[in-house]
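Beneath this line is the structure, given in structure tokens, with notes to follow.
Nothing here was measured: the structure is a model prediction, and the numbers come from that model.
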Amino acid sequence: MTKRLLGIVVFIALAGSCVHRTGHPARDDVRVTSPRGIMGGLVVPGTAQELSGELLAVEDSGYVLLVKDRVAFVPYIYWTVADFPPRPALTIFRVRGVPSGPKASELRSHARFPFGIPAPVMAALLQRYSQQSADTVRFVPPP
């Protein structure tokens, strides 16, 4: 009887843990509700230079954004602060310089293409926006 009761208790505990939900509901996660990446902005502190758009991918040398119907590559060297607030703003990704480690992985997971943009997809994006290649955005210091 004791073994049977113990078995029932263990079964109920395991079954209950299978249906217990933790974290935020899926309906609040942009990665579930939209095929798009998060919107964000890049800023050069101390200047009026800003750039905002959809995060398409996070590459080793820079961000790939969709900015005003243009695919743009933004090298890390030119932009020192990146703010990407997911919808809804559960977390704000503030990155100074090159994203690395867990911050880079988390930021990649919110991009439209978290594992990079495959060549055929990049070609389709460039064709869609009438571009030969992605625009490289550089910071130009004021005179």
I want to check something: taking the side chain as every heavy atom from C-beta on, are Arg112 and Leu66 in contact at a cut-off of under 4.5 Å?
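Arg112 reaches Leu66 side chain to side chain.
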In Å, rounded to the nearest 0.5 Å, how long is the span from CG of Leu125 to CZ of Arg70?
12.5 Å
d(Gln127 CD, Gln132 CD) to nearest 0.5 Å is 10.0 Å
Which pair of heavy atoms, one from [X] and one from [Y], lies closest together, and at what distance?
{"X": "Pro114", "Y": "Ser109", "result": "CB-CA, 4.1 Å"}
{"X": "Ser133", "Y": "Leu126", "result": "C-CD2, 3.6 Å"}
{"X": "Ala72", "Y": "Val67", "result": "CB-CG2, 4.3 Å"}
{"X": "Phe73", "Y": "Val64", "result": "CD1-CG2, 4.1 Å"}

Expected output: side-chain Glu59 to main-chain Ser61 donor-acceptor under 3.5 Å:
no
Report yes or no: does Arg108 contribute a side-chain atom to a donor-acceptor pair with the main-chain N or O of Val58 at less than 3.5 Å?
yes
Passing option when Leu56 is tested against Val121, Ile117, Leu65 for side-chain contact (heavy atoms from CB on, under 4.5 Å)
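The option that passes is Ile117.
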